[in-house]
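Numbered from 1 within each chain, the chains take letters A, B, ... in sequence-line order. Every heavy atom of this structure was used, including side-chain atoms; hydrogens, water molecules and symmetry mates were not.
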Amino acid sequence: QVQLKESGPGLVQPSQTLSLTCTVSGFSLTSYDVHWVRQPPGKGLEWMGGIWGDGSTAYNSALKSRLSISRDTSKSQVFLKMNSLQTEDTAIYFCTTRGLRAGDWFAYWGQGTLVTVSS
Amino acid sequence: DIQMTQSPSVLSASVGDRVTLNCKASQNINKYLNWYQQKLGEAPKLLIYNTNNLQTGIPSRFSGSGSGTDYTLTISSLQPEDVATYFCFQHNSWPLTFGSGTKLEIK
């Protein structure tokens, strides 16, 4: 059974760095990619980036200069780090992965974690 | 970046109605189009992938169609539990992008 769960601080100060962890179960990080998607309160979804089974990464160009995604396969964890946070980075942050069929992007999601950027 | 435009932004319909939601891409996305349903306070749920493939466990009243730049999600008979926001998503080109959503309400 595929499961993902995000964890991290609920509050981050402006200009600081956000660190989130996605802990997965039911699949191997060496075989499946994991992505981060965020959603400002009451707004739409934004793909942030992902890490593939071979460890390669891809980022949304709008965030690339601030964003880093890494993993620890032994702990089944994927990490997101984003620096220079501003109030507009306040959002629910989801980690997500694909299913088994070609094209079924984001078939599985974590519950999401709300991050508020405020002093 | 490929822009995904959804219409309408809000749709109000009655139980039992046939409902159509629209999604238009700023360029050809070769049917690499998915639909997600998001209920209040929940994570999105994959409904349809690659334009017209129903995800496992999704009721058959949901269907998708389209090609090129224009895509639709159809609910053949609206049910109360379908109240949600629906997002389209393209995975043809980087960066992957979502539409802004259609909020579906019951009259």
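Listed here is the closest heavy atom pair of B/Ala43 and A/Gly110: CB-O, 3.4 Å. Pairing each heavy atom of B/Pro44 with each of A/Trp109, the nearest pair is O-CD1, 3.2 Å.
With a threshold of 4.5 angstrom between heavy atoms, B/Asp1 approaches chain A through side-chain atoms but not through N, CA, C or O. For B/Phe87, the part sitting under 4.5 Å from any heavy atom of chain A is the side chain, from C-beta outward, and nothing else. Heavy atoms closer than 4.5 Å to chain B are found in the side chain of A/Gln39, but not in its backbone.
Under the 4.5 Å side-chain heavy-atom criterion for Ile, Leu, Val, Met, Phe, Trp and Tyr, A/Leu20 and A/Val117 are members of the same hydrophobic cluster. Note on A/Leu29 and A/Tyr32: same hydrophobic cluster, where clusters join Ile, Leu, Val, Met, Phe, Trp and Tyr whose side-chain heavy atoms are under 4.5 Å apart, directly or indirectly. A continuous path of Ile, Leu, Val, Met, Phe, Trp and Tyr side chains, each step under 4.5 Å between heavy atoms, connects A/Val34 with A/Met82, placing both in one hydrophobic cluster. By the criterion of side-chain heavy atoms lying less than 4.5 angstrom apart, applied directly or through intervening Ile, Leu, Val, Met, Phe, Trp or Tyr residues, B/Phe89 is grouped together with A/Val37 in one hydrophobic cluster. Linking Ile, Leu, Val, Met, Phe, Trp and Tyr whenever their side-chain heavy atoms come within less than 4.5 Å leaves B/Ile48 and B/Tyr32 in two separate clusters.
Taking the side chain as every heavy atom from C-beta outward, A/Trp47 and B/Trp94 approach each other to under 4.5 Å.
Residues of residues 89-106 of chain A that come within less than 4.5 angstrom of chain B, heavy atom to heavy atom, are A/Phe94, A/Arg101, A/Ala102, A/Gly103, A/Asp104, A/Trp105, A/Phe106 in numerical order.
Among residues two or more places apart in sequence or in another chain, the ring pair (Phe, Tyr, Trp, His ring centres under 6.0 Å) test is passed with A/Phe79 by none.
To the nearest 0.5 Å, atoms CG (A/Leu45) and OG1 (B/Thr85) are separated by 9.5 Å.
Among B/Leu40, B/Leu46, B/Thr97, B/Asn53, the residue with the largest count of heavy-atom pairs under 4.5 Å with chain A is B/Leu46.
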